[in-house]
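Inspection log for the structure reproduced underneath, given as structure tokens.
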Amino acid sequence: QVQLAESGGALVQVGGSLRLTCVVSGSVPGIEFMTWYRAASGKQRELVAKITKTGVTTYADSLKGRFTISRDEAKNTLYLQMEKLKSEDTGVYYCNLKQVIAMNEGYSYWGQGTQVTVSP
């Protein structure tokens, strides 16, 4: 019954900003990390940013400095702040949650994605 729901995607102009939100239904024990991925039309998903349970963040090299991942534990919410958007940032953005139940037992959950379109 774990559910992730992304929102915030929109059509924006080059150089603009967006804030994506991912809401996790209820409290989920054993969260190891959460990530944002994206996929351009017809292409594979690629990692955008990750935040661990301890708050350590990582980013795709090309995005570091423009994108910021953060979370609000009280609201079970993950965010992706995107600045200085470029046309190549266009794609569907997905929220992912990695849950660890026990040694060698874990599960990964995905939202349905939110569309980001950056017009030149």
Side-chain angles (χ1 to χ4, degrees):
Q1 288 188 293
V2 176
Q3 294 186 47
L4 281 62
E6 304 97 334
S7 63
L11 173 63
V12 298
Q13 195 172 20
V14 168
S17 301
L18 279 176
R19 188 194 195 196
L20 305 184
T21 298
C22 172
V23 178
V24 180
S25 62
S27 297
V28 183
I31 297 175
E32 184 175 353
F33 58 80
M34 295 188 70
T35 55
W36 285 101
Y37 283 79
R38 71 183 183 186
S41 180
K43 298 182 179 180
Q44 295 180 331
R45 293 181 182 180
E46 62 177 341
L47 178 67
V48 173
K50 176 190 293 185
I51 184 167
T52 71
K53 63 181 180 180
T54 59
V56 178
T57 60
T58 56
Y59 300 88
D61 289 341
S62 63
L63 304 179
K64 192 173 181 63
R66 294 195 298 120
F67 288 17
T68 303
I69 187 170
S70 62
R71 56 176 162 82
D72 186 333
E73 295 183 54
K75 297 181 179 179
N76 293 329
T77 302
L78 181 74
Y79 302 99
L80 182 68
Q81 181 68 40
M82 305 185 292
E83 307 286 347
K84 300 290 186 180
L85 285 164
K86 305 175 181 179
S87 60
E88 53 263 42
D89 294 321
T90 294
V92 179
Y93 284 69
Y94 299 88
C95 177
N96 176 76
L97 184 156
K98 176 65 174 180
Q99 180 187 39
V100 175
I101 303 299
M103 187 182 302
N104 297 320
E105 181 182 358
Y107 301 93
S108 183
Y109 303 93
W110 294 88
Q112 290 192 310
T114 185
Q115 177 71 47
V116 173
T117 303
V118 185
S119 62

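If you read the sequence from its start, that first residue is 1, and numbering goes on from there.
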Between Val14 and Pro120 the two heavy atoms that sit nearest each other are CG2-CA, 3.4 Å
Relative to the ring of Tyr94, is the ring of Trp110 parallel (under 30°), tilted (30 to 60°) or perpendicular (over 60°)? perpendicular
side-chain contact (heavy atoms from CB on, under 4.5 Å), that's the test. Do Trp36 and Leu78 meet it? Break it down for me. CA-CA 9 Å; Trp36 285 101; Leu78 181 74; 3.4 Å; yes
Can you tell me how far CD1 of Ile69 sits from CZ of Phe33, rounded to the nearest 0.5 angstrom? 10.5 Å
Please find the pair of heavy atoms, one from Lys84 and one from Asp89, that lie closest to each other, and give the distance. O-OD2, 4.4 Å
To the closest 0.5 Å, what do you measure between CD (Gln81) and CZ (Arg19)? 6.5 Å
Quick check for you: to the nearest 0.5 Å, what is the distance between Thr35 atom OG1 and Leu47 atom CG? 6.0 Å
So do Met82 and Val12 actually touch side chain to side chain, heavy atoms under 4.5 Å? no
More than 12 non-hydrogen atoms from neighbouring residues, nucleotides or ligands closer than 6.0 Å to CD on Gln44, yes or no? no
Could you tell me which non-hydrogen atom of Ile31 sits nearest to which non-hydrogen atom of Val28, and how far apart they are? CG1-O, 3.3 Å
Keeping the roles fixed (side chain from Glu6, backbone from Gln112), state whether a donor-acceptor pair exists under 3.5 Å. yes
Gap between atom OH of Tyr79 and atom CG of Asp72 - 0.5 Å precision: 5.0 Å
Could you tell me the separation between the CZ atom of Arg38 and the CG atom of Leu80, rounded to the nearest 0.5 Å? 9.5 Å
Do the side chains of Phe67 and Leu85 get nearer than 4.5 Å, heavy atoms only? yes
Under a 4.5 Å side-chain heavy-atom rule over Ile, Leu, Val, Met, Phe, Trp and Tyr, are Val48 and Leu4 clustered together? yes
Pair Tyr107-Val2, side-chain contact (heavy atoms from CB on, under 4.5 Å): steps then yes or no: CA-CA 10 Å; Tyr107 301 93; Val2 176; over 6 Å; no
Does any donor atom in the side chain of Gln99 or Tyr109 lie under 3.5 Å from an acceptor atom in the other side chain? yes
Heavy atoms of other groups near Gln13 CD, more than 12 under 6.0 Å: no
Cluster question for you: counting only ILVMFWY and a side-chain heavy-atom cut-off of under 4.5 Å, with indirect links fine, are Leu97 and Val56 together? no
Please report the interatomic distance OG1(Thr58) to CG(Leu63), rounded to the nearest 0.5 Å. 11.0 Å
Trace of the side-chain contact (heavy atoms from CB on, under 4.5 Å) decision for Val116 with Leu20: CA-CA 9 Å; Val116 173; Leu20 305 184; 4.0 Å; yes
Please report the shortest heavy-atom distance between Ala49 and Tyr59, naming the atom on each side. CB-CD2, 3.6 Å
Looking at Ile51, is its backbone amide N or carbonyl O close enough to the side chain of Thr57 to form a donor-acceptor pair, meaning the two atoms are under 3.5 Å apart? no
Pairing donors with acceptors under 3.5 angstrom, does anything connect the side chains of Glu83 and Ser17? yes
